[in-house]
Amino acid sequence: MPTPRSLVALLLGTLALLVMAGCGSGGGASAPAAPAFPATAPVTLSGLVTYDHVPTSGSGLNYAATAARPVRGAVVEIRNTAGTAVYARASTNASGFYSILAPGSASILVVALSALGDPAAPNTRVVDNTSSGLTYGVYQAKTTSTVSEGGVNLHASSGWGGSSYTTARVAAPFAILDVVYRAQALLRSADAAVTFPALRVNWSPANDTTLIGTSHFDPNNGQLYILGKANEDTDEYDDHVIAHEWGHWFEANFSRSDSLGGSHGPGDILDETVAFGEGFGNALSGMIMSDPLYRDTAGVGQSAIQVNLNLEADAISDTADYGSDPRLLDGAWSEVSVQELLWDIYDGPSTTPDADADDVELGFTPLYQVLVGPQRTFEGFTSIYSCLHFLKLANPGRSAAIATLEANENIGAHDAYEESGRRRYTVLPSNGTVVTLDVDGGALTTYNSYGTINNFGGNRLYNRLLFRVVAPSSRIWRIRVTPTTFTHDLFLTRGGGQLPQTIDLTFAGSETRDVTASAGQTLVFSVGSLPTPAATPANPSGVAPF
């Protein structure tokens, strides 16, 4: 926090971007208790908190259509003029309105923070990851009288000067915050008792591709990182991008994702876990925003569209194939197929009409119940197979209509693991017999037909092999993988929602994994190649549980 002298300079504009000291960066931690008011009778201050929202058009951000929107659910504080003491805290309502007690006859700051939740312990904060992780805010200096006062409004401006950003981009953190507000509202529509764990959203005007790569969810620390570099790629107004990344956070905290991660895009033949994770993120963004048009802006003046998706449209021709391979692009391996399926299953509410009359309008609640229920504890790898299998079981009256939608996306009859006509899992005996052939009777082989097998194993279809075995008794089971020439990385997932785990990354010898399993429990794991610098990926010679 600046000293009182420099604070006076900042306040010449009345409202300014401020990184508030003492606000913490972890989110959800208890804030220090408010000190006693000065020895004057308190008064009530009230007003509106708004921010500039810049909409997206077909040619990038449309600054000419900038409009004030309410800052909803945000924390409002009354501080001393140095910003070091917090006298009171409250939250804005759905209209951006706040009402809060303040010391009478005192000089204070009225502060709105880019934070959601309990004012004393917010669950979500938008912070400056390039400045010690402090929380963004907008404020106004105020000298109170002895009577209450309304109309004490705060506004966060975009900073756009007509052809470039000329002042601080105060609105950006609040634009991001409002997407999270909408996401939380969607979950509450399905579960009124839902509670949200701490979330830190990292945004800065310095966040470029060199600093953070791209806007993303980091599963290692559970945080979001959002691009903000002007004239390169700013995502604070790309609502669907933010909602998509929040969807990955949702999976990690409420459901489960077994996605291998990595690069991906429309037309890629992906590992089913990757296709589901990315397709789900796109579909959820449409649900959160009540809008099937997913756009990502970039470029000089933020005047270009680098991603333009319509979740309602059939984006891939039903006859389009991989080119060198007759495999159709549609399928469980396609993020586009996944996003269209999930959107068609959801749409139908008044805010998101069913434009293509697909005859399935379940809304969000049934999907949410599957994601936080059986999808989370499923013993296999999460995919569109598992999601829709459990959804049809829970909604038998719509099962046939959902199956029709699946068929339109080149997905046939399936259980929670795989399609009956496109088997992916090789079933192992539990007596120690070494298996050298896959489910189709061919040699156990990993493939790079749809993408390179790299030092991370790759994330394309058949970059890895899938296996399952049922434990006949309760004991410790050992799974051993023996490669022909190169090391194979072993991943294991078990009932109860455990994520795949790496065993080792060495380049020699067999790999083993000891697993405690109960009688009848299904153990599911995958094996993928890791190439040495001088060779192409190789095949395992045998896989067996002992």
Side-chain angles (χ1 to χ4, degrees), residues 13-18 47-72 74 92 94-97 112 114 126 136-140 153-183 201 203-209 214-215 226-245 282 285-286 288-313 351-353 355:
T14 305
L15 301 177
L17 180 68
L18 180 65
L48 292 175
V49 183
T50 55
Y51 74 98
D52 279 344
H53 181 266
V54 182
T56 301
S57 68
S59 57
L61 293 183
N62 184 6
Y63 291 99
T66 298
R69 286 188 176 181
V71 174
R72 303 181 288 182
T92 60
S95 300
F97 177 82
S114 55
V126 182
Y136 288 105
V138 64
Y139 67 94
Q140 180 183 154
N153 302 327
L154 302 175
H155 179 71
S157 62
S158 70
W160 187 252
S163 60
S164 66
Y165 286 114
T166 56
T167 60
R169 291 152 62 185
V170 193
F174 294 101
I176 295 169
L177 195 73
D178 197 62
V179 176
V180 179
Y181 176 89
R182 295 183 65 134
V201 184
W203 177 87
S204 166
N207 279 356
D208 59 11
T209 54
T214 186
S215 293
I226 306 299
L227 287 168
K229 184 68 171 179
N231 299 315
E232 182 183 290
D233 195 347
T234 64
D235 279 344
E236 60 264 23
Y237 293 119
D238 293 339
D239 299 333
H240 284 73
V241 173
I242 298 165
H244 173 107
E245 300 307 333
N282 286 347
S285 74
I288 290 170
M289 301 310 301
S290 297
D291 182 2
L293 296 180
Y294 183 117
R295 287 170 171 164
D296 182 9
T297 62
V300 176
Q302 297 65 246
S303 60
I305 297 288
Q306 61 181 1
V307 177
N308 191 13
L309 302 173
N310 185 347
L311 302 173
E312 189 77 89
T351 54
T352 51

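Counting begins at 1 with the first residue of the sequence.
For A74 against V71, the heavy-atom pair with the smallest separation is CB-CG1, 3.4 Å. For the pair H240 and L293, the tightest heavy-atom approach, listed with the atom from each and the gap, is CE1-O, 3.0 Å. The minimum heavy-atom distance linking D52 with A171 is given by the pair O-CB, 3.5 Å. Contact between A156 and F174 at its shortest, heavy atoms only, is CB-CD1, 3.8 Å. Among all heavy-atom pairs drawn from P70 and G96, the shortest one is CB-N, 3.7 Å.
Between W203 and R169 there is a side-chain heavy-atom pair separated by less than 4.5 Å.
Using a cut-off of 4.0 Å between Lys/Arg side-chain N and Asp/Glu carboxylate O, R295 and D238 are scored as not salt-bridged.
Checking side-chain atoms of Q302 against main-chain N and O of N231 turns up a donor-acceptor pair under 3.5 Å. R182 places a side-chain N or O within donor-acceptor distance of the main-chain N or O of I288, the cut-off being under 3.5 Å. Looking at T297, its side chain never comes within 3.5 Å of a backbone N or O of L61 through a donor-acceptor pair. Remark: side-chain polar atoms of E236 are not paired, donor with acceptor, to backbone N or O of P173 under 3.5 angstrom. A donor-acceptor pair under 3.5 Å links the side-chain atoms of N207 to the main chain of I226, judged by distance alone. A donor-acceptor distance shorter than 3.5 angstrom exists from the side chain of S114 to the backbone of V126, with no hydrogens or angles considered. The backbone N or O of T352 sits nowhere less than 3.5 Å from a side-chain atom of S290 that would complete a donor-acceptor pair.
Of the options T56, V307, D239, a side chain to side chain contact (heavy atoms under 4.5 Å, CB included) to Y294 is made by V307 and by none of the others.
Atom NE2 in H244 sits 10.5 Å away from atom CG in D296 (nearest 0.5 Å). Between F97 atom CZ and N153 atom CG the span is 9.5 Å, to the nearest 0.5 Å. Atom OG1 of T234 and atom CG of D208 lie 12.5 Å apart (nearest 0.5 Å).
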Inset, instruction - Output, in order, the C-alpha distance, side-chain angles, deciding distance and verdict of side chain to side chain contact (heavy atoms under 4.5 Å, CB included) for V170 and Y136. - result: CA-CA 8 Å; V170 193; Y136 288 105; over 6 Å; no

Legend entry - Working for side chain to side chain contact (heavy atoms under 4.5 Å, CB included), residues N282 and L309: CA-CA 9 Å; N282 286 347; L309 302 173; 3.8 Å; yes

Legend entry - Full working for side-chain hydrogen bond (donor to acceptor under 3.5 Å, both in side chains) between Q306 and D233: CA-CA 10 Å; Q306 61 181 1; D233 195 347; 3.0 Å; yes

Legend entry - Pair L227-T214, side chain to side chain contact (heavy atoms under 4.5 Å, CB included): steps then yes or no: CA-CA 6 Å; L227 287 168; T214 186; 4.0 Å; yes

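Looking at residues two or more places apart in sequence or on another chain, you find a ring pair (Phe, Tyr, Trp, His ring centres under 6.0 Å) between Y165 and Y63, W160. For Y237, the ring pair (Phe, Tyr, Trp, His ring centres under 6.0 Å) partners at least two apart in sequence or on another chain are H53. The side chain to side chain contact (heavy atoms under 4.5 Å, CB included) test applied to A206 returns T130, S204, not counting sequence neighbours.
Side-chain atoms of S215 and D235 form a donor-acceptor pair, as typed in the model, at a separation below 3.5 Å. Between the side chains of H155 and T50, at least one donor N or O sits under 3.5 Å from an acceptor N or O.
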